Amino acid sequence: MLEGLALLGDGVAHFLTWQSLFNVLWATLLGIIIGLLPGLTATMGVALLVTLTYPMAPDQAILSLMCIYVGAIYGGSRTAILLAIPGTPASAATTLDGHPLALSGKGGLAMGLATTSSALGTLVGIVCLALLAPLLTEAALNFGSYEFFWLALFGVVISGRLTAFDDPIKGYVAGLLGLLVAMIGMEGLHGFRRFTFGVPALGGGIDLIPAMVGAFGLAEILVVMKRRVSAHIIDASDRVVPRIKDVWKYRRTTVRSGIIGTFVGIVPGVGEDIGAWGSYAAAKRKSAEADRFGKGSLEGLIAAETGNSAAIPGSMIPTLTLALPGSAAAAVLIAAMYIHGIRPGPMLMVENAPFLYKVVAMLALATLAILVLGLLLTRVLLRVMTVPRERLMPVVYVLCVVGSFAIAQRMFDVYVMLAFGIIGFFLREMRYPMAPLVMGIILGTLLDVNLRRGLALSNGDLTPFFTRPVSAVICGLVVLSILFSIPVIQRLVTRLFIKDRGPQTGGG
Amino acid sequence: MSRESPDPSAPPGAGGPVPDQPPEAEGDGAHMVRADLLTGVVLLVLGVAVVWMSWEMPRLEVRRIHPATVPGLVPGLLGIALALCGAILAARSVRVAGDGAGWRRFGAGFVTSQAARVAVTMALALGYALVLVGWLPFWAASAVFVFVFIVLFERVFAPSPHPLWRTALTAAVQAVIVGVAVSVVFETGFLVRLP
């Protein structure tokens, strides 16, 4: 514990240089702007900026990317409040109460509380990250091929189940497509080239970054350009810096939402948007003024903004300890870490223990930066929001092309970006979620290699996959989440549940 | 993994409201059922193709690898799962009443003004990345793309367009600035080679 505190102190001290603070400032501001602009998401921002941070020192690069991530998730709230369009999917829940507040002339208050809630949410998440990650690492050091196979499968399945809009099967299909994409190229056990169809460039497999730039960049541009009209901004001229008593009044909601957000963040491939919806729903259930929710409730706004920001440090927990991305943006961060020679996973604490605490320090600095920038730069940020998409999107697309080309300096990656962009757009239109696709691409190799390695170790025997305690638990979770997405079983369970409660409700 | 337990309680509340999608009244009616039928069939075919390719994949017997570690194992399993999902998706869509209206609405989705906007964006994006880049120097290619994009969307698709000279002038200025700035910043600032 003391050792951890010392490492944490080192982590913070490490970034107290002018260069780091400069990086924190520009990256967080850029993140907020990316979040503000509808059509630019956190995942896309991080994916595009991997190229920019390529020449930087590893910890400065990850620091900048982390600040962009935190800034973008926060920045989306501004648009949600003033335009009723979520700047990023993560702030969809914020629109429900944020926009009514702005309509009733409390836009400034809403923006201020969104800022403090985001900061407090990240703080709750940071505490959980610092406490839980070392414990999880210790447990993960005992994991073998069997456990990692199940973890990879669990990541794809749970992400498919929870991020699907209305139909779990579409989530699973997206996950399977991602896993199949990961099968392309040389496999890890015998060096055999699969599904290359004689194309030499496919031998190395599909890189995650160009794929993400396509699926989150080009596809998003197409979605934005499809829309006909843009909404108008509501003027907010009231006080932005919130009063301490307003923040204090909702302390319970803040802590609860922070914890829910963090745990949703921990679930692989389930990120900030679900974190926000989860804490929003919980706050509504617990609230004394539940009827105000959706009509401009401060509590609802606080719950949503705390929940989505807390999911960021939460998502870093499995990302750092298991190399299992906690969200789509975290998947890009994993790719960026590999580029910079940092290997997340159980061995991280052995090989590079200070890095975990550096991440904690990065998140803390980013939190401070959104607090300062968010409360000071209201007018400037308002002007950014008015940039018309016709002027913005072509520039973003030019950056998508540069971003996907620059990493390996080959046109092949631009073609990958185009393919993922166009296919991703159609999948989105048919309401397939993108997060499981990303999870599939990044976890495919882990799943493939560990299943076959496990089978080789057990000489083709499947039992260790089911009898080792941790394997059995994760396997159970996978089976349960698949079973529960089958309507017949869902109905059966609901009926059982209602039958049990039936007499009570009748009597009461 | 017991700490995962709070999470299953979150999604039901989370699944209710629809995130991510713009609040447009499009509805998921009959045309989505048709779209699901088509994708279901495509996924089924893709899944079967993957299974077949995985089956045909070399088993590397000469290298004496363990028979449970053949390269085609995991892709084959994934192919089976994909085919299964495709079949379920297609079967479910067939069961829903199949009159002509669904297909008509599905087809109508491709001839709206929204579809036109998407098609133009897609064509511009492809034209820029596949033709212009490589044919012109990068800065010029980007400038042409940005200029054409802005003029098309601000003149043709805008409800109340500005005069042409004004749009063209401001678009040209922006296009040149973007083309030159991106080239200079990336090549000298970040030391990356451009396409």
Side-chain angles (χ1 to χ4, degrees), chain A residues 51-52 54-55 85 89 92-93 162 165 169 172-173 176 179-180 183 187 189-190 192 194-195 218 221-222 225-228 260 263-264 266-267 273-274 277-278 280-282 390-391 394-395 397-399 401-402 405-406 409 411 414 418 422 430-431 447-448 451-452 455-456 460 473-474 477, chain B residues 1 3-4 6-7 10-11 13-14 17-20 22 24 28 32 35-36 39 43 50 53 57-58 60 63 65-69 71 73-75 78 81-82 85 88-89 113-114 117-118 121-122 125-126 128-129 133 142 145-146 149-150 153-154 174 178 182 186 190-195:
Chain A
T51 320
L52 284 195
Y54 195 57
I85 296 174
L162 295 187
F165 298 108
I169 204 168
Y172 298 145
V173 166
L176 284 169
L179 287 170
L180 280 171
M183 296 298 119
E187 49 94 31
L189 278 191
H190 311 299
F192 180 76
R194 295 185 290 208
F195 303 112
L218 176 56
I221 293 174
L222 291 168
M225 293 314 295
K226 182 186 154 198
R227 271 181 232 155
R228 231 162 303 153
I260 293 176
F263 281 102
V264 172
I266 293 177
V267 180
D273 43 347
I274 311 280
W277 287 118
Y280 187 82
E390 289 82 4
R391 299 261 160 179
V395 183
Y397 182 64
V398 170
L399 294 177
V401 172
V402 174
F405 175 84
Q409 319 242 318
M411 276 312 275
V414 176
L418 286 171
I422 292 173
M430 292 184 291
R431 306 178 71 71
L447 184 142
D448 175 41
L451 174 66
R452 292 186 296 144
L455 282 173
V473 171
I474 312 175
L477 286 173
Chain B
M1 288 320 276
R3 66 172 65 96
E4 304 291 359
D7 304 311
V18 177
D20 200 19
E24 281 173 22
D28 287 344
M32 191 59 90
D36 283 353
T39 28
L43 291 171
V50 169
M53 280 191 282
M57 222 175 255
L60 308 179
R63 286 166 56 184
I65 63 164
H66 193 288
T69 67
L73 175 72
V74 176
L78 294 174
L82 188 69
C85 286
I88 295 174
L89 208 59
S113 67
Q114 288 195 337
R117 301 177 65 98
V118 170
T121 313
M122 222 179 260
L126 288 172
Y128 168 61
V133 173
S142 307
F145 167 72
V146 172
F149 192 102
I150 295 176
F153 276 98
E154 287 196 351
Q174 186 185 337
V178 169
V182 168
F186 278 86
F190 297 103
L191 305 175
V192 291
R193 216 159 46 84
L194 291 173

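Residue numbers begin at 1 in each chain, while the letters A, B, ... track the order of the sequences. As a basis for the values below, the full set of heavy atoms in this structure was taken, side chains included, without hydrogen atoms, waters or symmetry mates. Only a predicted model underlies this, so the values are computations on that prediction, with no experimental measurement involved.
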Once you round to the nearest 0.5 Å, how far does CG of L399(A) lie from CZ of F186(B)?
5.5 Å
Side chain from CB out, backbone as N, CA, C, O: work out which of these in V398(A) comes under 4.5 Å of a heavy atom of chain B, or both, or neither.
both
Separation between CG (L126(B)) and CG (L218(A)), nearest 0.5 Å, reads 8.0 Å
Considering only heavy atoms, which portion of I150(B) lies under 4.5 Å from any heavy atom of chain A: side chain, backbone, both, or neither?
both
Interchain contact, L222(A) with chain B, by part (heavy-atom threshold 4.5 Å):
both
Using a 4.5 angstrom heavy-atom cutoff, name the option from T51(A), L455(A), L189(A) with the most pairs to chain B.
L455(A)
Would you indicate whether Y54(A), at its atom OH, is surrounded by more than 12 heavy atoms from other residues, nucleotides or ligands within a distance under 6.0 Å?
no
Under 4.5 Å heavy-atom distance to chain A, tell me which part of V178(B) shows up: side chain, backbone, both or neither.
side chain
Need one label for M183(A): side chain, backbone, both or neither, based on atoms under 4.5 Å from any heavy atom in chain B.
side chain
Here the gap from I221(A) atom CD1 to M122(B) atom CE, rounded to the nearest 0.5 Å, amounts to 11.5 Å
Under a 4.5 Å cutoff for heavy-atom pairs, which residue among S142(B), A129(B), A125(B) has the most contacts with chain A?
A125(B)
Would you mind checking which part of M57(B) comes under 4.5 Å of any heavy atom in chain A, side chain (CB onward), backbone (N, CA, C, O), both or neither?
side chain
So, the part of M225(A) with a heavy atom under 4.5 Å from chain B: the answer is both
Examine whether an atom of L451(A) lies under 4.5 Å from a heavy atom of chain B, and if so say whether it belongs to the side chain, the backbone or both; otherwise answer neither.
side chain
Can you tell me which portion of F405(A) sits under 4.5 Å from chain B's heavy atoms? Options are side chain, backbone, both or neither.
side chain
Any chance you could measure L73(B), atom CG, to R452(A), atom CZ, to the nearest 0.5 Å?
7.0 Å
Quick check: do V414(A) and V133(B) have side-chain heavy atoms less than 4.5 Å from each other?
no
Please state whether the side chain, the backbone, both or neither of L180(A) comes within less than 4.5 Å of a heavy atom of chain B.
both
4.5 Å side-chain heavy-atom contact, Y172(A) and L82(B)
no
Between E187(A) and chain B, which part of the residue has a heavy atom less than 4.5 Å away: side chain, backbone, both or neither?
side chain
So, F149(B) versus Y397(A), ring centres under 6.0 angstrom or not?
no
One should read off an interatomic distance between L78(B) CG and L447(A) CG, to the nearest 0.5 angstrom, of 6.5 Å
Closest approach of G460(A) to A68(B) (non-hydrogen atoms, all atoms of both residues)
CA-CB, 4.2 Å
Under 4.5 Å to a heavy atom of chain A? For V118(B) that would be both
Taking side chain to side chain donor-acceptor pair (under 3.5 Å) as the test, write out the residues that go with T69(B), two or more places apart.
H190(A)
Identify, with sequence neighbours excluded, every residue that meets salt bridge (charged side-chain N to carboxylate O under 4.0 Å, His left out) alongside R391(A).
E154(B)
If every non-hydrogen atom of A35(B) is compared with every non-hydrogen atom of M430(A), which pair is closest and at what distance?
CB-SD, 3.9 Å
Closest-packed option against chain A by number of heavy-atom pairs under 4.5 Å, given C85(B), S113(B), P71(B):
P71(B)
Turns out that what part of L60(B) lies under 4.5 Å from chain A's heavy atoms comes down to side chain
